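Single-structure report; data block below.
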Amino acid sequence: MGIHVSHSGIRSGILLNLKPEEIDEFKSFPKKCHQEDTSVFERFSQNIDPAVFGHKRIKQAISCQLFGGSSKHMPDGIKRRGDINVLLLGDPSTAKSQLLKFTQKVAPIGVFTSGKGSSAAGLTASIMKEPGSGEFYLEGGSMVLADGGMVCIDEFDKMREQDRVAIHEAMEQQTISIAKAGITTMLNARTSVLAAANPIHGRYDDMKSAADTSRFDMIFIVRDRRDRQRDARMAEHIIKLNAERKIRTKKGDLDLDFMKRYVAYARSSCSPRINQIAKMLLLNYYLKKRQLRDTDQLRSIPITVRQLEALIRITESIARMELRSEATKDDAQLAIELFEVSTVSASSHTANLLQSSRDLRRLEDIIRERLAIGQQTPTFELVKSLESAGEQKFKVYQALNAMERRQELSFSHHKK
């Protein structure tokens, strides 16, 4: 078909110092992993910031993001990106920033920035004026500096809406168009985006849905749920980490420099394509989800061509970890599992909220009918009367709390 598959744009500087014995070590690494009854995918995932407890699926997604898929150059000159974008959305104190910092260190080219202190010009490019001559010149932002690598954006939710819109072109087309001060040009921004965002009100609200995040290939909702057994294991892990001041104790753990150079070698020397069986598996999955989306069961899940391309990129990245030129059915199955626990799970969460939202609006209307303006009624009497009418107690309190946040009513001691 005339489609040219290229490597993922890693700058050659980091590969100039690779010795022949290092390249031999990289080539034998997948075979070594298989002899130990594991895979490069599992091995890398386990070594993504071992100091962070849990988050197995997120670490697997970051591993896929580090390697990326194969970028394609179509016969008409259009380029299809191979880089993978990941969004972590959820509660504070769930190690999102820590994972971003670690990823920036492992990426062959990594740039870390905070959305709170970043503007559109700082992320893309700005026009500067030379003090002496008065001439204008371009100065690249974070996404231009990270060309061929990865940019990690913390506090993504703190960015202004116009600043977030400015990076949409870079995330999808991987270019930044400039038309300012008589300078018209286009800069490359072939970079993966790993972003972390906190909810508006501090903690993730189950009655809220994720924002428009269609340009992210994988979206994870990170919750800080109370679970005694999990909390005990996490506390033990943290205490042990601080007491021993060492986390990489297992024999065979990967060195940070080895991971960085292996990623650079794989991205520069391997461009896998999915085989026919993997194509059919992804095609059937896509058609199945599209069909379900037309029903009330999964109406809010955004299954479009973008999500199909995301599945292809994830599949290719898993094959690239193994330094294979062909992505197989097993790679496609792993990609589907990752996509299910991330984007589909986040979207299904939104779908499950639709009925709850309708119930809350109906309850709020009932409460407004029962309460006159300025009227005070004991809360327990109102809740009891609604319970006797067949309403669920916890939903009544959810409606009351939602109305209080909008200042439609107020609580005073035990009365409202």
Side-chain angles (χ1 to χ4, degrees), residues 8 39-42 44-45 48 54-72 80-90 96 99 103 150 171-172 192-197 209-223 272-275 277-295 297-322 327-352:
S8 294
S39 64
V40 178
F41 177 69
E42 289 295 334
F44 251 80
S45 303
I48 296 294
H55 296 318
K56 177 182 176 182
R57 291 299 191 178
I58 294 177
K59 293 180 179 182
Q60 290 176 344
I62 291 175
S63 298
C64 291
Q65 187 180 24
L66 283 167
F67 287 87
S70 303
S71 58
K72 289 95 176 173
R80 308 304 302 173
R81 68 179 170 95
D83 294 298
I84 297 171
N85 300 321
V86 178
L87 173 65
L88 309 180
L89 172 65
K96 299 189 299 294
L99 288 169
T103 305
M150 180 180 297
M171 291 180 66
E172 189 61 39
S192 301
V193 175
L194 175 60
S209 62
D212 179 21
T213 49
S214 60
R215 285 171 176 79
F216 288 97
D217 301 298
M218 287 182 278
I219 306 165
F220 289 89
I221 294 179
V222 190
R223 299 301 311 274
R273 297 291 299 274
I274 56 175
N275 63 18
I277 300 177
K279 287 179 183 177
M280 293 306 300
L281 180 62
L282 294 178
L283 175 63
N284 292 334
Y285 174 81
Y286 172 73
L287 294 177
K288 176 184 175 182
K289 288 298 183 183
R290 288 284 292 184
Q291 185 177 6
L292 287 174
R293 187 177 182 270
D294 292 333
T295 68
Q297 184 179 3
L298 294 172
R299 187 173 296 277
S300 70
I301 295 182
I303 299 298
T304 64
V305 174
R306 273 183 178 165
Q307 280 65 52
L308 177 59
E309 290 182 332
L311 283 167
I312 294 172
R313 285 189 286 267
I314 299 168
T315 303
E316 292 172 344
S317 70
I318 296 172
R320 175 174 273 171
M321 293 185 200
E322 304 280 348
T328 63
K329 176 184 177 181
D330 293 336
D331 300 328
Q333 188 60 51
L334 279 173
I336 290 173
E337 290 176 11
L338 265 180
F339 187 75
E340 282 280 344
V341 300
S342 57
T343 306
V344 173
S345 177
S347 301
S348 297
H349 175 77
T350 303
N352 294 334

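Keep in mind that the numbers below use all heavy atoms, side chains included, and drop hydrogens, waters and symmetry copies. Position 1 is the first residue of the sequence; numbering continues from there. Computed from a predicted model, the values in this text were never measured in an experiment.
- Summarising the geometry, atom OG1 belonging to Thr304 is positioned 8.5 Å from atom CD belonging to Glu309; distances are rounded to the nearest 0.5 Å.
- Sparse packing is recorded around CD1 of Ile277, with 12 or fewer heavy atoms of other residues, nucleotides or ligands lying under 6.0 Å away.
- For the pair Ile48/His55, no side-chain contact is recorded, criterion being any heavy-atom separation below 4.5 Å from C-beta on.
- Residues Ser63 and Gln60 have side chains that never bring a donor and an acceptor to within less than 3.5 angstrom of each other.
- For the pair Gln307 and Tyr286, the minimum side-chain heavy-atom distance is 4.5 Å or more.
- Residues Phe67 and Arg320 approach most closely at O-NH1, 3.0 Å, considering heavy atoms.
- Between Val86 and Ala61, the shortest heavy-atom distance links the atoms CG2-O, 4.5 Å.
- In terms of modelled atom types and a separation under 3.5 Å, the side chain of Arg313 and the main chain of Gly68 share no donor-acceptor contact.
- The CG atom of Leu89 lies 12.0 Å from the CZ atom of Phe220; values are rounded to the nearest 0.5 Å.
- The OG1 atom of Thr315 sits 11.0 Å away from the CG atom of Asp330 when rounded to the nearest 0.5 Å.
- In this structure, Ile312 and Leu282 approach most closely via the heavy-atom pair CG1-CD1, 4.0 Å.
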Glu340 and Arg57: salt bridge (Lys or Arg N to Asp or Glu O under 4.0 Å), yes or no, with the steps?
CA-CA 11 Å; Glu340 282 280 344; Arg57 291 299 191 178; over 6 Å; no
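- Interatomic distance, NZ of Lys289 versus CG of Leu308, reported as 14.0 Å (0.5 Å rounding).
- For the pair Ala278 and Thr328, the tightest heavy-atom approach, listed with the atom from each and the gap, is CB-O, 3.6 Å.
- Leu88 contributes atom CG, which lies 10.5 Å from atom CD1 of Ile219 (distance to the nearest 0.5 angstrom).
- Between atom CE of residue Met150 and atom CG of residue Asp83 there is a gap of 8.0 Å, rounded to the nearest 0.5 Å.
- Side chain of Gln65 to main chain of Val193: a donor-acceptor pair is present (N/O by atom type, distance under 3.5 Å, no hydrogens or angles).
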Run the numbers on Ser45 and Glu42 for side-chain hydrogen bond (donor to acceptor under 3.5 Å, both in side chains), then give the verdict.
CA-CA 5 Å; Ser45 303; Glu42 289 295 334; 5.4 Å; no
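- When atom types are taken as modelled, the side chain of Asp217 and the backbone of Asn85 share a donor-acceptor pair closer than 3.5 angstrom.
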Side chain to side chain contact (heavy atoms under 4.5 Å, CB included) between Glu337 and Leu334, intermediate numbers included
CA-CA 5 Å; Glu337 290 176 11; Leu334 279 173; 3.9 Å; yes
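- Contact detail for Glu322 and Val40: the closest heavy-atom pair is OE2-N, 3.2 Å.
- Taking each heavy atom of Pro272 and Ala319 in turn, the nearest pair found is CB-CB, 3.9 Å.
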